[in-house]
Amino acid sequence: MSMAVTKQQTGRVSTTKTIVGTGIGNAVEWYDWAIYATFTPFIASQLFSKADPASAVLSTLAIFAVGFVARPFGGFLFGWIGDRVGRKTSMTLAVGLASLGSLMIGIAPTFASIGAWASLMLLVARLIQGLAHGGELPSSQTYLSEMAPKEHRGFWATLIYTSGTVGILFGTLLGAVLNMTLTAEAMNAWGWRIPFLLGAAMGLYALIMRSRLHETDAFEGESLAEKRAPLWPQIVRHRKQALQVIGLTVGLTVIYYVWGVVAPSYATTALKIDRGEALWAAVIANIVFIAALPFWGKLSDRIGRKKVLWSGAIGSAVMHFPMTWLLKDSAWQLAVGMSVMLVFIAASAAIVPAVYAELFPTSIRTVGVGVPYSICVAVFGGTAPYLQQWLGTTMGVPQLFNIYAVVLLAVSAAFVFTIPETMGKDLTH
């Protein structure tokens, strides 16, 4: 009896360590990207020339996109580490590098003090974060999928977007609180730095937590020959699966960044909605998103991955235009629009980590997901905020971007037809 209890307790401790270690690092990554989007106006005013405010905002958003350029390289580098050295090692190194990027932004001198070098330091920091974040998601979702019981893998997979959204929510709440408690002068002078310095500290804590995790049985069960097998022939052999990752991701990444990340900033800069009210609307919507994720994850474990993926892609495409038309000049409109969209976005977001992991064999699972996913996010997700701002504000044709987003969602829906039903697949092969 005592031995059985001890094993049960050990299992619970191991599960808790897996969830906390994986979740906190993933939350820190998403927090980093969210606070950059949230504090874009302050970054633009402090690290770029104040002579042309509109140009400064566009330049700041351009660096947001440039940070994504490093993601495919991070996906390959950390994917290689994950498939050759171990998932745990890859995850630990990735969160450490991300923490360094946050620290650089938090201590960056202003444009007024060192000129264009301030903008350059921001660019370097974002490239470092892009490299780290390109490896974070494939490493963490591979680790989590391999640690999860196969009959509950869809539910476990929801931790990726749940923890990520908690990171976004914390960043958004922090922005709202700082906006309420600090004067505009204080926010411009030093208040905007607080979230980045806090992100660096949280990243250090996540690094310590991840260093204490156990490696997955799937990776440990591979032979030395399998771990040392050349990657490129395997990548070529699994090019169909890589294309499927891109196809499934393309619509999700654009629609998520539009409604889940940059909507408050867009509402503030383009629609002139009060900054504090916009941030609180985002808090409400992200709580709705967190509540919807486990529902879709559990449903996928019962009815299959493909039906849930279709629900997400088609539902998001159908509701995008109505929710965009609803959003005009009020924070309640932003809260409703974001909430409705995030419920449908949650369907795909909840389970794609499990779907991606189930498409590839153990020997190439991390890099096989990491490289195509990072390329897709860089090309489409990273450019979405800039494209939305440019088409809406500069060109005056916001409907073009909305059509673009819906077309990409249709592409993702079509790609669901190409994947096998992977529910409950054994990941040890």
Side-chain angles (χ1 to χ4, degrees), residues 16-40 42-43 64 67-68 70-71 74 78 87-108 121-122 124-141 143-144 158-179 181-182 187 190-213 260-261 264-265 279 282-283 286-287 289-290 293 353:
T16 301
K17 285 175 64 177
T18 297
I19 291 173
V20 173
T22 306
I24 190 170
N26 194 56
V28 168
E29 181 216 338
W30 292 46
Y31 167 87
D32 287 342
W33 293 88
I35 59 174
Y36 188 94
T38 299
F39 290 88
T40 288
F42 298 103
I43 297 171
F64 182 84
F68 283 81
R71 278 184 173 240
F78 288 97
R87 317 320 194 192
K88 169 190 166 181
T89 302
S90 180
M91 291 165 58
T92 304
L93 292 175
V95 78
L97 200 60
S99 180
L100 174 62
S102 289
L103 179 62
M104 289 178 64
I105 297 175
I107 64 173
M121 187 170 179
L122 176 65
V124 172
R126 292 300 292 174
L127 287 173
I128 288 175
Q129 286 188 322
L131 190 70
H133 297 162
E136 164 62 29
L137 191 63
S139 298
S140 60
Q141 68 184 22
Y143 181 84
L144 187 68
T158 64
L159 176 65
I160 296 298
Y161 271 83
T162 299
S163 61
T165 307
V166 168
I168 291 176
L169 190 57
F170 180 64
T172 304
L173 276 169
L174 184 59
V177 170
L178 289 175
N179 187 72
T181 57
L182 297 180
M187 280 296 295
W190 53 269
W192 68 272
R193 298 180 185 275
I194 294 174
F196 295 98
L197 295 174
L198 188 58
M202 291 190 299
L204 179 61
Y205 177 71
L207 185 151
I208 295 171
M209 289 293 296
R210 286 185 167 183
S211 67
R212 298 173 179 173
L213 294 176
V261 178
S265 181
L279 291 176
V283 168
N286 276 297
I287 291 173
F289 184 58
I290 291 173
L293 286 167

#### Entry: Polar side-chain atom of Asn286 near backbone of Ala282 as donor-acceptor pair, under 3.5 Å
yes
#### Entry: Nearest heavy atoms of Glu29 and Leu137, plus distance in Å
OE1-N, 4.2 Å
### Query
Has the side chain of Arg210 got a donor or acceptor atom that lies under 3.5 Å from a matching backbone atom of Gly21?
yes
### Message
What verdict does the side chain to side chain contact (heavy atoms under 4.5 Å, CB included) test give for Val28 and Tyr205, after you've listed the backbone C-alpha separation in whole Å, the side-chain angles of each residue and the deciding distance to 0.1 Å?
### Response
CA-CA 10 Å; Val28 168; Tyr205 177 71; over 6 Å; no
### Distance, nearest 0.5 Å, that separates CE of Met121 from CZ of Arg126
14.0 Å
### Query
Ser99 and Gly199: which non-hydrogen atoms are nearest, and at how many Å?
OG-O, 4.5 Å
### Message
As an exercise, state the distance from CG of Leu144 to OG of Ser139, rounded to the nearest 0.5 Å.
### Response
12.5 Å
### Task
Evaluate the criterion side chain to side chain contact (heavy atoms under 4.5 Å, CB included) for residue pair Phe289 and Leu169; output intermediate values, then yes/no.
CA-CA 10 Å; Phe289 184 58; Leu169 190 57; over 6 Å; no
### Query
Do any N or O atoms from the side chain of Ser211 and from the backbone of Ile208 form a donor-acceptor pair under 3.5 angstrom?
yes
### Query
Judged by atom type as modelled, is there a donor-acceptor pair below 3.5 Å linking the side chain of Tyr143 to the main-chain atoms of Thr18?
no
### Query
If you measure from CD1 on Ile35 to CD1 on Ile43, what distance do you get to the nearest 0.5 Å?
7.5 Å
### Message
Quick check for you: to the nearest 0.5 Å, what is the distance between Phe39 atom CZ and Ile105 atom CD1?
### Response
12.0 Å
#### Entry: Shortest non-hydrogen contact from Ala132 toward Ala94
CB-O, 3.2 Å
### Message
If I take atom OG1 from residue Thr92 and atom CZ from residue Phe78, how far apart are they, to the nearest 0.5 angstrom?
### Response
10.5 Å
### Query
So, Arg193 side chain and Ala108 main chain: donor-acceptor pair closer than 3.5 Å or not?
yes
### Message
If we count only N and O atoms by modelled type, under 3.5 Å, do the side chains of Asp32 and Ser102 hold a donor and an acceptor together?
### Response
yes
### Message
Determine whether Val95 and Met209 satisfy the following criterion, side chain to side chain contact (heavy atoms under 4.5 Å, CB included), listing intermediate values before the conclusion.
### Response
CA-CA 11 Å; Val95 78; Met209 289 293 296; over 6 Å; no
### Query
Given side chains that start at C-beta, do those of Tyr36 and Gln129 come closer than 4.5 Å, heavy atoms only?
no
### Query
Hey, mind stepping through Ser163 and Thr22 against side chain to side chain contact (heavy atoms under 4.5 Å, CB included) and telling me if it holds?
CA-CA 9 Å; Ser163 61; Thr22 306; over 6 Å; no
### Query
For the atom pair OG1 (Thr162) and CG (Leu293), what is the distance rounded to the nearest 0.5 Å?
4.5 Å
#### Entry: Pro264 versus Leu279, closest heavy-atom pair with distance
CB-CD2, 4.3 Å
#### Entry: Minimum heavy-atom distance Ile194-Leu178, with the two atoms named
CD1-CD2, 4.0 Å
#### Entry: Nearest heavy-atom neighbours spanning Leu207 and Gly96
CD1-CA, 3.5 Å
